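Working notes, structure below.
Here the structure is a predicted model, which is why all the values come from computation and not from measurement. Every chain is numbered from 1 and lettered A, B, ... according to where its sequence line falls, protein lines coming before strand lines.
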Amino acid sequence: MVFNSYEFIVIFLPVAFAAVALAHGIGGWNAAFAVLGLASLAFYANWGPEFLGILLVSIVSNYVVGSIITRSKENKVQSRSLLAVGLLGNLAALGYFKYTNFFIDIVNQTAGASFSHLSVILPIGISFYTFIQIGYLIDAYNGMVKEKSFVKYFTFASLFPCVTAGPLVLQREIFQQMEDRKDAFLDMTRIAAGLTLFTIGLFKKVVFADSIAQYSDTVFNGVAGGQGLDAMTAWFGALAYSFQLYFDFSGYTDMALGLGAIFGIMLPLNFNSPFKATSISDFWQRWHMTMTRFFTNYVFSPMAMKGMRRAVAGQFGPARKFAVSGAWPIVFTMLVAGIWHGSGWVFVIYGLIHGVAIAINNAWRYFNMPELAPVTGWFLTMLVVVCGLVVFRAPDVPTAMTILTAMFGGNLLTLPQGIELVQLAVADVVPMIVLFGAIVLLMPNSQEIVSSTWISTSEKPESIGNFAKKMLWLPQARWGLAIAGVFVVSFSMIGSDSSFLYYQF
Amino acid sequence: MRLFETVASVLNIDAGSLTNESNGRNTENWDSLRHIELILAVETAFGVTFSMSEMVSMQDLGDMRELLVEKGVTLEKAA
């Protein structure tokens with residue numbers, strides 16, 4: 001059951017809302033959180049009983065390990081060993097479900113063996129709920145977990161707005177909202193803002209992402225199937241996919257944040273106009289922001305800190321200091337982030353491209369090189385992002401290489417001979433690319449539009465642009481009507497088979 | 001040495017532009033790498049060490065000041 005489906009919108013959402021509201025009426029917020037946990041279970045169970053079993057084992061075992069770590073914080077050896085057990089357990093489960101066949105491929109390629117693939121299921125959201133709970137274990141080890149209730153932990157780890165594709169929430173930002181909660185459940189302004197954000201997200205997904213998907217599919221599937229292509233088709237395919245993923249993922253995120261607000265749980269921002277970024281570091285502060293935060297806190301910072309201490313102790317020169325405390329930690333972090341997305345060499349290369357690009361970006365600032373004009377920075381950033389996404393979308397490395405080669409004029413003089421060329425409806429895709437480009441670069445983003453009622457745990461921006469002020473959503477009848485119109489259009493366009501792209505990660 | 005001056009010298013900016021609310025999002029040159037350098041500079045300047053959890057939980061200079069006070073550092077009022 002995806003957010004953009006009739007069964008979710010018509011059945012699950014109203015029933016879950018009524019159940020949680022009723023629970024709140026009877027037993028206050030604590031009862032509401034418990035029923036929200038049960039509703040999340042029902043939501044997740046819809047993907048299949050075997051998936052539900054894996055989620056339950058994960059939640060119960062992480063809770064048990066986390067609680068013991070918290071209790072044994074005076075005994076560093078014990079808590080450190082338990083943390084190691086917890087991390088290994090989570091990574092082993094993730095490795096088994098997600099990477100088994102990739103390991104088999106590597107073994108086959110390097111050792112010339114011919115092991116066949118195992119039929120391992122990939123539980124939906126496993127990368128997300130595993131990492132959310134790894135964050136919990138590390139926080140427990142660092143003495144940062146205050147909450148002890150299993151019911152609240154259960155709701156936190158299974159929360160249906162985030163369990164399938166994020167945001168990657170931190171324990172403290174959810175548990176803080178569960179402490180001594182006294183406000184009304186039926187806060188109509190908060191709920192209206194949540195519904196508005198949900199509707200904007202639904203529109204982005206079913207109207208924008210799903211309409212441009214066919215063009216990126218034509219190019220990527222065509223090339224994977226052995227067709228050739230010219231530079232223009234390659235660029236249009238790459239841009240079509242970039243916009244598809246943008247609207248798919250930002251649409252999902254809007255819906256997740258909106259759903260959280262409807263049920264009284266604010267979530268962190270995950271998307272903040274990433275295509276307006278003027279540097280690659282800026283891009284990662286705006287795209288999948290909670291993933292960046294996770295990897296910065298738990299991978300990059302500890303590595304960089306260690307490197308920096310080594311550099312100071314060893315009195316390294318600036319270049320060596322930057323290499324051990326800046327370049328290497330960021331390349332390694334992005335490599336892990338790339339592999340986190342999925343198994344396959346394309347994700348390894350995707351991570352490396354971004355790691356090297358951020359390292360160059362950081363070096364540029366670190367060594368006080370002259371600042372680039374914003375438009376130059378934006379152009380270089382988008383070049384890395386779009387090329388990176390070609391690798392990210394391609395089913396294998398040769399497909400990615402064929403498209404990238406075509407994009408940079410590899411086929412300019414002589415088109416591939418003797419093979420069929422990808423046929424793209426250029427007259428249809430170009431207006432879409434222009435329209436979507438204008439929207440992502442010129443329009444205020446959805447959280448700016450609903451910023452009159454701030455429904456996120458992230459800091460509210462101090463000010464919004466003039467355009468955003470003109471489009472500012474207010475809990476008024478005319479806005480209600482406009483959003484109802486957007487909803488009707490989106491609802492009528494819901495496809496029967498349109499999952500979110502991030503569900504595969 | 002005053003806190004804001006230490007921070008300003010790492011970030012290569014004017015100490016007068018810093019406040020307790022200054023953080024990586026609203027301050028020039030303060031990226032994740034400078035953040036690490038900054039913490040190390042503050043550790044050296046005030047003779048303290050920050051744990052990983054303290055490093056991650058520091059949201060702004062106000063938090064850093066509170067942690068320093070907790071560690072027994074005496075800061076000048078306007079520092």
Could you check whether atom NZ of K148(A) has more than 12 heavy atoms from other residues, nucleotides or ligands sitting under 6.0 Å from it?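 No.
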Would one find more than 12 heavy atoms of other residues, nucleotides or ligands at under 6.0 Å from atom CZ of F316(A)?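 Enclosed: over 12 neighbouring heavy atoms sit under 6.0 Å from CZ of F316(A).
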Less than 4.0 Å between a side-chain N and a carboxylate O, is that true for E28(B) and R365(A)?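 A salt bridge is absent here (no side-chain N lies under 4.0 Å from a carboxylate O).
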Kindly indicate whether the side chain of I39(B), heavy atoms from C-beta on, has any atom under 4.5 Å from the side chain of M308(A).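 The answer is no, as the side chains (C-beta and beyond) never meet within the 4.5 Å cut-off.
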Can you tell if the side chain of M55(B) reaches within under 4.5 Å of the side chain of N142(A), non-hydrogen atoms only?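 Side-chain contact under 4.5 Å: no.
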[X], part contacting chain B, at a heavy-atom distance under 4.5 Å:
X       : result
Y366(A) : both
Y141(A) : neither
S301(A) : both
N297(A) : both
E459(A) : side chain

Between R309(A) and E43(B), is the side-chain contact (heavy atoms from CB on, under 4.5 Å) condition met? List the steps. CA-CA 11 Å; R309(A) 287 195 203 281; E43(B) 283 185 348; 2.7 Å; yes
Out of curiosity, [X] [atom1] to [Y] [atom2], how far, rounded to the nearest 0.5 Å?
X       : Y       : atom1 : atom2 : result
I330(A) : L33(B)  : CD1   : CG    : 9.0 Å
I36(B)  : M303(A) : CD1   : CE    : 11.0 Å
T296(A) : D31(B)  : OG1   : CG    : 10.5 Å

Using only non-hydrogen atoms and a strict under-4.5 angstrom cutoff, which residues of residues 266-280 of chain A touch chain B?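 Contacts with chain B: none.
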Mind ranking G326(A), P302(A), S325(A), G307(A) by heavy-atom pairs under 4.5 Å with chain B and telling me who comes out on top?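 So the answer, after comparing G326(A), P302(A), S325(A), G307(A), is P302(A).
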At a 4.5 Å cut-off on heavy atoms, which part of E37(B) comes close to chain A: side chain, backbone, both, or neither?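 For E37(B), backbone and side chain are both near chain A.
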